[in-house]
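Take a look at the structure below.
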Amino acid sequence: MEKLELKKTLKHLYNPPSKAPVMVEVPPMNFLMIDGAGKPDSLAASAAIEALYAVAYTIKFSVKKLKTMDYPVMPLEGLWWADDMNKFMMEDKANWKWTYMIMQPEVVTTEMVKRGRGRRALQEKPSALPKLKFERFEEGPSAQIFYVGPYADEGPTIKRLHDLLHEQGYVFDGVKQKHHEIYLSDPGAPPGKTENGHKATWPEAVVTG
């Protein structure tokens with residue numbers, strides 16, 4: 001059975017350096033997506049994440065069965081912005097807008113997503129399922145860094161990304177270019193929390209400006 005090693009193929013995007021931000025060219029990719037607004041720890045955000053993972057795993061096992069191909073479900077990702085980016089930088093989270101999403105390999109089709117969404121609707125019925133969409137997302141030139149720590153402390157890291165973008169002649173306005181995070185560990189797990197015998201550390205994320 002063929003196995004797609006997506007994290008290895010896209011290592012430059014999912015495993016960037018942590019000491020200093022770097023410029024990367026992000027190619028167009030397909031995503032399961034759900035849009036929303038408000039705080040990251042809101043019930044709407046939790047419902048979106050639940051629906052995305054439910055459909056992502058349904059599609060994965062369907063592809064494995066029908067196409068004799070296996071691939072890992074990719075990490076959760078989030079786009080963050082605000083109509084007024086000054087409010088975004090001031091952490092006015094009530095006015096934040098977001099898109100949670102999970103990247104899908106090229107083998108996944110619109111029809112597969114429709115079938116996967118239909119199966120979940122008949123079973124668990126995640127509340128955010130009607131909002132799920134399947135779209136191609138093109139990001140292009142981006143500044144990126146690997147970040148480990150509490151989200152409340154990532155402001156200086158985000159500023160370093162924006163500084164690099166400005167040095168390279170790009171504008172970060174929250175319209176064309178949004179704040180992008182790839183969550184390599186559970187974004188809601190605080191340090192010291194033990195789950196399944198494992199000690200949780202600060203969340204790990206790839207942060208993209």
Side-chain angles (χ1 to χ4, degrees), residues 4-37 40 45 48-49 51-53 55-56 59 71-89 93 95-110 113 131-148 151 154-185 187 203-209:
L4 299 179
E5 300 288 353
L6 297 174
K7 288 184 180 179
K8 289 184 179 179
T9 305
L10 301 170
K11 184 178 180 181
H12 64 296
L13 300 179
Y14 287 85
N15 189 26
S18 59
K19 292 184 178 180
V22 295
M23 292 299 299
V24 293
E25 182 71 27
V26 183
M29 292 184 285
N30 297 327
F31 288 87
L32 300 176
M33 295 176 160
I34 295 180
D35 298 326
I49 294 169
L52 285 169
Y53 273 118
V55 175
I59 295 171
Y71 63 88
V73 170
M74 296 298 283
L76 178 71
E77 305 185 31
L79 302 177
W80 298 90
W81 73 101
D83 292 332
D84 182 348
M85 287 305 289
N86 290 322
K87 290 185 177 181
F88 179 81
M89 295 307 297
K93 297 180 181 180
N95 288 302
W96 284 5
K97 296 184 178 180
W98 47 260
T99 299
Y100 277 119
M101 56 194 197
I102 298 177
M103 193 271 280
Q104 302 297 294
E106 292 293 328
V107 68
V108 174
T109 65
T110 301
V113 173
K131 299 179 181 179
L132 187 143
K133 57 186 180 180
F134 180 55
E135 292 186 355
R136 195 160 183 83
F137 179 61
E138 184 171 356
E139 198 160 19
S142 302
Q144 192 175 62
I145 194 170
F146 181 79
Y147 174 79
V148 180
Y151 295 116
E154 67 177 341
T157 299
I158 295 173
K159 184 179 184 303
R160 293 168 67 194
L161 291 170
H162 294 180
D163 288 345
L164 177 58
L165 287 169
H166 293 153
E167 290 171 7
Q168 298 292 321
Y170 297 104
V171 175
F172 183 86
D173 58 6
V175 178
K176 182 178 181 181
Q177 188 81 357
K178 299 177 173 65
H179 180 67
H180 186 170
E181 295 185 344
I182 303 172
Y183 306 106
L184 303 182
S185 62
E204 299 177 339
V206 175
V207 183
T208 303

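Positions are given from 1 along the sequence.
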Return the minimal non-hydrogen interatomic distance between [X] and [Y], and the atom names on each side.
X	Y	result
L132	A51	CD1-O, 4.1 Å
M101	L52	N-CD1, 3.7 Å
L4	P72	O-CD, 3.2 Å
H12	V24	O-CG1, 4.2 Å
K19	R160	O-NH2, 2.6 Å
L6	P105	CD1-CB, 4.2 Å

(message) Under the criterion salt bridge (Lys or Arg N to Asp or Glu O under 4.0 Å), I'd like the reasoning laid out for D83 against K97: C-alpha separation, chi angles, the key distance, then a yes or no.
(response) CA-CA 8 Å; D83 292 332; K97 296 184 178 180; 3.0 Å; yes

(request) List the steps, then state whether side-chain contact (heavy atoms from CB on, under 4.5 Å) holds for Q104 with V113. (result) CA-CA 10 Å; Q104 302 297 294; V113 173; 5.7 Å; no

Gap between atom [atom2] of [Y] and atom [atom1] of [X] - 0.5 Å precision:
X	Y	atom1	atom2	result
T157	H162	OG1	NE2	11.0 Å
T110	E135	OG1	CD	10.0 Å
L10	N15	CG	CG	12.0 Å
N30	I102	CG	CD1	14.0 Å
L161	H166	CG	NE2	11.0 Å
K178	E139	NZ	CD	9.5 Å

(message) Please evaluate residues F137 and L79 with respect to the criterion side-chain contact (heavy atoms from CB on, under 4.5 Å), reporting the C-alpha separation (whole Å), side-chain torsions for both, the decisive distance (0.1 Å), and the verdict.
(response) CA-CA 11 Å; F137 179 61; L79 302 177; 3.8 Å; yes

Close side-chain approach of [X] to [Y], heavy-atom, < 4.5 Å:
X	Y	answer
Y71	I59	yes
M23	E167	no
L76	E181	no
Y170	L164	no
Y183	Y100	yes

(message) Let's go through V22 and F146 carefully: what are the C-alpha distance in whole Å and the side-chain angles of both, what is the deciding distance for side-chain contact (heavy atoms from CB on, under 4.5 Å) to 0.1 Å, and is it a yes or a no?
(response) CA-CA 10 Å; V22 295; F146 181 79; over 6 Å; no

(request) Would you sort out whether E5 and K11 count as a salt bridge (Lys or Arg N to Asp or Glu O under 4.0 Å), showing the intermediate values? (result) CA-CA 10 Å; E5 300 288 353; K11 184 178 180 181; over 6 Å; no

(request) Mind running side-chain contact (heavy atoms from CB on, under 4.5 Å) on V55 and F134 for me, showing each step along the way? (result) CA-CA 11 Å; V55 175; F134 180 55; over 6 Å; no

(request) Among K7, K8, E77, find the one that has a side chain to side chain donor-acceptor pair (under 3.5 Å) with Y14. (result)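 With Y14 as partner, K7, K8, E77 yield a single side chain to side chain donor-acceptor pair (under 3.5 Å), made by E77.
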
(message) Tell me if a side-chain donor or acceptor on S18 pairs with a main-chain N or O of P16 at a distance below 3.5 Å.
(response)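 It does not hold such a pair.
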
(request) Would you check if the side chain of Q144 reaches a backbone N or O of L13 as a donor-acceptor pair within less than 3.5 Å? (result)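 Side chain of Q144 to backbone of L13: a pair is present.
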
